[in-house]
*Asks:* 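Before I ask anything, let me first share the structure, which is written out below as structure tokens.
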Amino acid sequence: MAANLPKGQAQPQTIDLGSLPLQQLNQVKNQLTQELQHLTTSFQQLKTAQAKFRDCITSVRDGLSRGEEWTRGQMETLTLGPPIGTPILVPLTPSLYVPGQLASTETVLVDIGTGFYGEKTPPAAQDFYRRKVEELTKNLGDLEKIVQGKQQNLGVVEDVLRRKVMEENSRAGASDGGGG
Amino acid sequence: MADDNSHLTALTTTYSNQQSTLQTLISARQKLESQFSENEAVRREFDILDKENEGGERGIYKMVGPVLVKQDKTEAVEAVRGRLGWIGGEMKRVEREIADKEAESEKMKMEIYQLQSRLQQQQGPQAQVQES
């Protein structure tokens, strides 16, 4: 019986919201809320990823810089990184460390996705992470626009819904002084 | 009329089944899309790596279980290209399937709708009689 209730996503065209029955309006509202929730979570996740990439930039910059390589951009202020053989603590788990020695600061291995790692100089690695951060910034901007649009839609639907409920109530009140 | 009724139930069941297969197809497409963009990003990185690496001694590694295995660059590039091709083909296939299913369920929706309104018309007069 409830078979022809729409899936919601099949009809993003212009539909007069006022013409929809309460039940369907509610459905549309729920759908929008769900989408909004999903989008907000994605937004949050992108933010986290971006923060991680930023951390990587800091790590490479502060942990591995060798003075003579810093010729580019705003990094010129940094002069000297740790020499080879510097004692370090290597994290095995987040709470377990073993002592080690810095073997090389020439190159780092960068996770470039789908299981591949590329060998890069620290400045190149920073470039990589900066590119990633930029990409994410762009995506976040796009996503924000979508979220705003959805929020607006939700607002409109809620508005119509409220008006409808009020109308219904007043009509019920006028006809027999209290329906259900 | 009982025939119409059972017909309607059958239709709605197949319809909702179709909707759920459509849903799985859509999520499959989403997954393929994200895989595609990830591989695309890796391909771009390989190009950049090439530019950075004129001396030629910087390698590409692949994570195999817990170890990193050094990879031949041409091999790695080829693998990613192969994957992109495969994912692209798969995306087209899923896309076509989605279009088919959508058209099918649209048709079914109309059928259900017609059947429902016919049933309502048949029931309409009866209901009025019962009420009075």
Side-chain angles (χ1 to χ4, degrees), chain A residues 1-13 24 27 31 34-35 38-39 41-42 45-46 49 53 56 60 69 71-72 92-93 104-136 138-139 142-143, chain B residues 5 8-9 11-16 18-20 22-23 26 35-46 48-53 55 57-65 68-71 73 76-77 79-80 83-84 87 102 105-106 108-117 119-120:
Chain A
M1 283 152 270
N4 67 347
L5 291 179
K7 270 261 129 190
Q9 68 211 119
Q11 37 175 249
Q13 308 98 328
Q24 271 189 11
Q27 248 198 337
Q31 172 107 22
Q34 234 175 49
E35 277 173 28
H38 179 74
L39 288 174
T41 340
S42 310
Q45 280 168 348
L46 283 185
F53 284 137
C56 288
V60 176
E69 283 177 348
T71 47
R72 282 191 235 193
L92 291 187
T93 73
S104 154
T105 51
E106 296 265 302
T107 56
V108 287
L109 272 179
V110 177
D111 184 350
I112 54 178
T114 66
F116 283 113
Y117 288 71
E119 212 175 343
K120 284 173 178 290
T121 60
Q126 280 193 59
D127 277 350
F128 170 81
Y129 289 123
R130 233 173 272 134
R131 253 191 334 267
K132 287 277 167 197
V133 170
E134 256 166 55
E135 254 170 60
L136 284 177
K138 218 176 105 259
N139 289 346
D142 293 347
L143 195 58
Chain B
N5 255 329
L8 184 64
T9 342
L11 263 182
T12 46
T13 337
T14 36
Y15 179 75
S16 56
Q18 267 214 329
Q19 283 298 328
S20 63
L22 196 61
Q23 220 58 46
I26 286 171
Q35 280 176 343
F36 191 85
S37 55
E38 197 183 353
N39 277 289
E40 186 59 35
V42 174
R43 197 189 56 76
R44 251 180 289 138
E45 257 342 289
F46 280 162
I48 292 167
L49 221 52
D50 254 349
K51 261 182 234 133
E52 286 169 2
N53 188 21
E57 83 276 15
R58 271 175 218 134
I60 291 174
Y61 298 78
K62 179 146 181 48
M63 182 83 99
V64 182
L68 285 173
V69 182
K70 192 155 183 167
Q71 290 264 302
K73 174 164 274 156
V77 170
V80 170
R83 262 192 249 165
L84 278 173
I87 294 170
E102 258 169 3
S105 61
E106 197 56 35
M108 219 174 241
K109 213 157 92 182
M110 285 316 290
E111 223 175 305
I112 290 173
Y113 183 70
Q114 276 167 4
L115 205 58
Q116 253 177 351
S117 54
L119 275 173
Q120 253 161 24

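Side chains included, hydrogens not; waters and symmetry mates left out as well; all remaining heavy atoms used. Fair warning: this is a prediction, and the values are worked out from it, not measured in the lab.
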*Asks:* For A:Glu135, is the CD atom crowded, meaning more than 12 foreign heavy atoms sit under 6.0 Å from it?
*Replies:*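 Enclosed: over 12 neighbouring heavy atoms sit under 6.0 Å from CD of A:Glu135.
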*Asks:* With a 4.5 angstrom heavy-atom cut-off, is it the side chain or the backbone of A:Thr107 that approaches chain B, or both, or neither?
*Replies:*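 The side chain, not the backbone.
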*Asks:* Report which part of B:Gln71 has an atom under 4.5 Å of a heavy atom belonging to chain A: side chain, backbone, both, or neither.
*Replies:*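 For B:Gln71, the contact with chain A is made by the side chain alone.
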*Asks:* Sequence neighbours excluded, which residues qualify as side chain to side chain contact (heavy atoms under 4.5 Å, CB included) partners of B:Met110?
*Replies:*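 Here no residue qualifies.
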*Asks:* So, B:Arg83 and B:Glu38, do they make that salt bridge, N to O below 4.0 Å?
*Replies:*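 B:Glu38 and B:Arg83: not salt-bridged.
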*Asks:* Which bit of B:Leu11 is near chain A, if near means a heavy-atom gap under 4.5 Å: side chain, backbone, both or neither?
*Replies:*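 No part of B:Leu11 comes within 4.5 Å of chain A.
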*Asks:* Decide, yes or no, whether a salt bridge links B:Arg43 with B:Glu40 under the criterion of side-chain N to carboxylate O below 4.0 Å.
*Replies:*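 Yes.
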*Asks:* As an exercise, state the distance from CG of A:Leu136 to CG of A:Leu143, rounded to the nearest 0.5 Å.
*Replies:*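 Answer for the CG-CG pair, A:Leu136 versus A:Leu143, is 11.0 Å.
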*Asks:* Is it the backbone or the side chain of B:Ile60 that comes under 4.5 Å from a heavy atom of chain A, or both, or neither?
*Replies:*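 Both backbone and side chain of B:Ile60 come within 4.5 Å of chain A.
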*Asks:* For B:Val64, is it the side chain, the backbone, both, or neither that has a heavy atom closer than 4.5 Å to a heavy atom of chain A?
*Replies:*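 For B:Val64, no heavy atom lies under 4.5 Å from chain A.
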